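Positions are given from 1 along the sequence. No experiment lies behind these values; they were computed from the predicted model shown.
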Amino acid sequence: MSAQRRRKASEREKLRMRTLADALHTLRNYLPPVYSQRGQPLTKIQTLKYTIKYISELTELLNSVKRV
């Protein structure tokens with residue numbers, strides 16, 4: 001692989017990782033403070049797991065309201 005192709009591939013990967021980091025940051029902003037651990041930033045996995053949990057909780061809440 002030429003040096004130029006490696007640089008381009010590296011730049012694409014950096015952009016991909018930056019986009020992923022931005023998306024995770026956005027998700028963290030939507031999570032209630034109860035999910036953060038003593039002010040420490042959540043890991044990628046924690047962010048995804050807590051987001052799934054939070055969506056499930058919101059879904060249950062909406063479903064319970066529909067039943068009433």
Could you list the donor-acceptor pairs under 3.5 angstrom formed between side-chain atoms of residues 18-25 and any protein atom two or more places apart in sequence or on another chain?
{"unit_1": "Thr19", "atom_1": "OG1", "unit_2": "Leu15", "atom_2": "O", "d": "2.8"}

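Residue Ile45 belongs to no hydrophobic cluster, having no ILVMFWY side-chain heavy atom closer than 4.5 Å to its own. Residues Leu31, Val34, Leu42, Tyr50, Tyr54, Leu58 make up the rest of the hydrophobic cluster containing Tyr35, defined by ILVMFWY side-chain heavy atoms closer than 4.5 Å, directly or through other members.
Using a cut-off of 4.0 Å between Lys/Arg side-chain N and Asp/Glu carboxylate O, Glu11 and Lys14 are scored as salt-bridged.
Looking only at distances, a side-chain donor or acceptor of Ser56 sits under 3.5 Å from a matching main-chain atom of Ile52.
Contact detail for Lys44 and Arg28: the closest heavy-atom pair is N-NH2, 4.0 Å.
Heavy atoms of other residues, nucleotides or ligands lying less than 6.0 angstrom from CD of Glu13 number more than 12.
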